[in-house]
Amino acid sequence: MLDLLGVPPQALFGQLLLGLINGSFYALLSLGLAVIFGMLNVINMAHGALYMVGAFVAWLLLTKFGLGYWWALGLAPLAVGALGLVLERGLLRHLYSVDHLYGLLLTFGLALMIEGGFRHVYGVSGQAYPIPDLLRGGTNLGFMVLPSYRGWVVVFALAVCFGTWFAIERTRLGSRLRAATENPALVQAFGIDVPRMVSLTYGFGVALAGLAGVLAAPIYQVSPMMGTNLIIVVFAVVVIGGMGSILGAILTGIGLGLLEGLTKVFYPEASNIVVFVIMAVVLLLKPAGLFGRER
Amino acid sequence: MPDRADTAATMLEVRDLHAFYGESHILHGVSLEVRRGEVVTLLGRNGAGKTTTLRAIMGMVGRRTGSIRFAGTELVGMAPHRVPRLGIGYVPEERGIFASLSTAENLMLPPVVREGGMSVEQIHTLFPNLRERGATQGTRLSGGEQQMLAIARILRTGAELILLDEPTEGLAPVIIDQIGVAVRRLKDRGFTIVLVEQNFRFAATIADRHYVMEEGHVVDMIPNDRLDASMDRLHARLGV
Amino acid sequence: MTTDTRTDPAQPGLLPDGRTRTLLLAAAGFAVAVAAPHVLYPVFVMKVLCFALFACAFNLLLGFAGLLSFGHAAFFGGAAYVSAHAAKVWGFPPELAILAGTASAAMTGLLFGWLAIRRQGIYFAMITLALSQMVFFLALQLPFTGGEDGIQAVPRGVLFGLVDLNDPLAMYWTVLGVCLFGFAVIRRAVHSPFGQVLKAIRENEPRAISLGYRTERYKLLAFVLSAALAGMAGATKALVFQLASLTDVTWQMSGEAVLMTLLGGVGTLAGPVVGAALVVTLQNHLADSGVPVTVVTGFIFVVCVLLFRRGIVGEIEHRLRRRAP
């Protein structure tokens, strides 16, 4: 039945799995962007660079300190989050009173510095990062072999995404965050330390990027430029989904990853640009984005 | 310095308060005083500086000079999020209900800052309309319910001084009566209240004293029991 | 953006009157133009000129309409491909090759602008960035662009059938002519009623709408004009270097236009030129030094944004204005 499409099922499901993995990364990254944007009104152009830093922290932990994947999964997001706190407190904070575009330009400059610095030290070639022992091998599902690590990435990334959604939409802390996104001055007038919340939000958002970097390390090579092209696709994802809805960011990310995977099967030449084309179509039909509230 | 007995009872003391938004100078030396347990209104036309006075107390203006002492603590120069933690609750104009929060979340949003706040059950007794509406999106409540919610969420926190900005604005007379009953109950419970009002009749039924503001100054202070005698003066000021 | 935009630093007292001043400036400019290719490498001066036009075109959008495009490389680099292809494969003379590149950029600009003006602020920036990334992938994959190699050995040709552009000085004067034409168009646009409407939109778009202006049309026209001029710069650069390559369509190239404008002064006419000269000079110096260029570039971005938002020319204008109220 599957052969009706003229594509061997192995290839189809293989690409769909790859699409699902890419989609998980899109979801994690666009979720971080959306959380940061909601609170800071800043598009974090350094998001891709910090994703790369996450992968590098994992690689450095392994090669310099002999700390493996599971350590990295905890420590790298913390390190990236801490870096985010420093950047927010030291630099971004000074721009909240001027045009929001300056925040974009600042984070763009930071991205150039971070990526340029890593490229200067580590060169452009990628470093291999091994799959943790526990997740080697795969499971034969009958129609395809599912590599354990890839299955883990999808499940774990989705768990983190939905955990974040739950924390924001269903907890007390999340209600404070939503309120502060809506009207920070009033939330402050209730005795909540909004500047600290802003710092922590930025730290959390970029920690998600760092986490995505660790997850990506065993799949892709760890290289200084691994985040640059990825993040532009994520921007398109964000435009398509709109940043008003957390769930929307997650769903859009995964959906577009899958769509990209399908394109790789049926029309590989277009797979690089399919997300951008969809962005153009969405802009025509629903300018505010699929889940968007214009702001 | 006022005499000793007076200071003991003074809860809020504002002296020569100037406030600025960017380049514009809004308050030009406001001075007023609120004693523990009192209900004091700020009356005045639009743009007289009533709302700005409340916002300046909360630290929500661009810059302020002068002195604001709450129970002896100076507020000018204090980080805005520390002010409410001293026990000051703020009910903003247009109620400030959050659209992205449910009614229950709106109610639970302000952190408890001191002992002695009202329990949710007590709040529901005071505002029966809010009962059973917990899951409703905050901004889907009626205007009157939103106003009740805005007041209710402050009562939980244990604040002793409540700054109420135009609680009757845009509400039907029946609802205004309900709000009036609620505010009077709060007074009976010992809350100190600063009330900004355009609705002079409403103010007169609740307040102990009235400060009249004009162009960023306090131009008059009228005790409620001398209100009738001062009517002409007041009409001239307010243009009502 | 919030940068001040008065563009004529007319200084009472510095010079007797406007006309003398203009004449003196023109004479000085002419002297510099004649001397430049003899004092500096002609190719270097031409590179500065092309980037200056590119940055000015970008600044037309950011500085005068308040629209931050992060995708101008698509027009700059895309036009370079078209003009290189036209000159090399179709045998177009240089003037038509540049025209073809410019026209293609205008068309692309019309399409991208039509999509991007549906959203504002940072969304606009993200959309332009994403669309230009699409152009990058097309340039990487399409058959005529030569993939990683680009289009090499592009003939400079004979201008109007008269002037052989393989002579560096002839090429130089041609580039200068193209760029001066571009600057003149921008200056004219900024000072025209059209430019006034753009400024009104930048300051307060809802107000401009309520005054009855169909602001999307103005924004779209500004976008197309800016894209066309950026394309003209890229097309010219392709002839100068006899090369069209992927470098010119990367997002980093869009970032350079932003940097040059920011450094020189957003919303000033001369700022992007100054910024372009500085950035190109800096890159030439750093190329052999072993200092990573992108780190320095990023650092300048951060410093400009945090401490120096008026840019060099903006800062000078600001001080002059303060001294002579």
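It should be emphasised that the depicted structure is a prediction, and the values quoted were computed from it without experimental measurement.
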Practice task
Against chain A, work out which of C/Val258, C/Thr294, C/Thr297 has the most heavy-atom pairs shorter than 4.5 Å and name it.
Solution key: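 Among C/Val258, C/Thr294, C/Thr297, the one with the most close pairs to chain A is C/Thr294.
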Practice task
Sort out for me which of C/Leu111, C/Leu306, C/Val305 touches chain A most, counting heavy-atom pairs under 4.5 Å.
Solution key: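 Most heavy-atom pairs within the cutoff with chain A belong to C/Val305.
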Between [X] and chain C, which part of the residue has a heavy atom less than 4.5 Å away: side chain, backbone, both or neither?
X: A/Val275; value: neither
X: A/Leu283; value: both
X: A/Ile114; value: neither
X: A/Leu95; value: side chain

Problem - Parallel, tilted or perpendicular: rings of A/Phe56 and A/Phe118 (30°, 60°) - result: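 Correct class here is tilted.
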Handout entry: C/Glu315/C/Arg319 salt bridge by N-O under 4.0 Å criterion
Key =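 The answer is yes: the pair qualifies as a salt bridge.
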Practice task
Using a strict cut-off of less than 4.0 Å between a Lys/Arg side-chain nitrogen and an Asp/Glu carboxylate oxygen, indicate whether C/Glu216 and C/Arg118 qualify as a salt bridge.
Solution key: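 Salt bridge between C/Glu216 and C/Arg118, a charged N being under 4.0 Å from a carboxylate O: no.
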Contact leader toward chain C among [options], where contacts are heavy-atom pairs under 4.5 Å:
options: A/His94, A/Glu115, A/His100, A/Met45; value: A/Met45
options: A/Val277, A/Ile273, A/Val42; value: A/Ile273
options: A/Val233, A/Thr107, A/Asn229, A/Val238; value: A/Asn229
options: A/Leu104, A/Thr228, A/Leu284, A/Leu91; value: A/Leu284

Practice task
Quick one: do C/Tyr81 and C/Asp248 satisfy side chain to side chain donor-acceptor pair (under 3.5 Å)? Show the steps, please.
Solution key: CA-CA 9 Å; C/Tyr81 275 114; C/Asp248 292 347; over 6 Å; no
Exercise for the section: Kindly state each residue pair satisfying ring pair (Phe, Tyr, Trp, His ring centres under 6.0 Å) with at least one member in residues 245-272 of chain C, sequence neighbours excluded. Expected result: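 Ring pair (Phe, Tyr, Trp, His ring centres under 6.0 Å) check on residues 245-272 of chain C returns A/Phe108-C/Trp251.
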Practice task
Sort C/Phe112 into side chain, backbone, both or neither according to what part of it lies under 4.5 angstrom from a heavy atom of chain A.
Solution key: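 Contact with chain A is absent: no heavy atom of C/Phe112 under 4.5 Å.
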Problem - C/Phe76 ring center within less than 6.0 Å of C/Phe51 ring center - result: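 Under 6.0 Å, so yes.
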Problem - Nearest atoms (heavy-atom pairs only) where C/His72 meets C/Ala230 - result: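 For C/His72 versus C/Ala230, the nearest heavy atoms are CD2-CB, 3.9 Å.
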Handout entry: Distance-minimising heavy-atom pair for A/Ala46 and A/Leu110
Key =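 Smallest heavy-atom distance, with atoms named: CB-CB, 4.4 Å.
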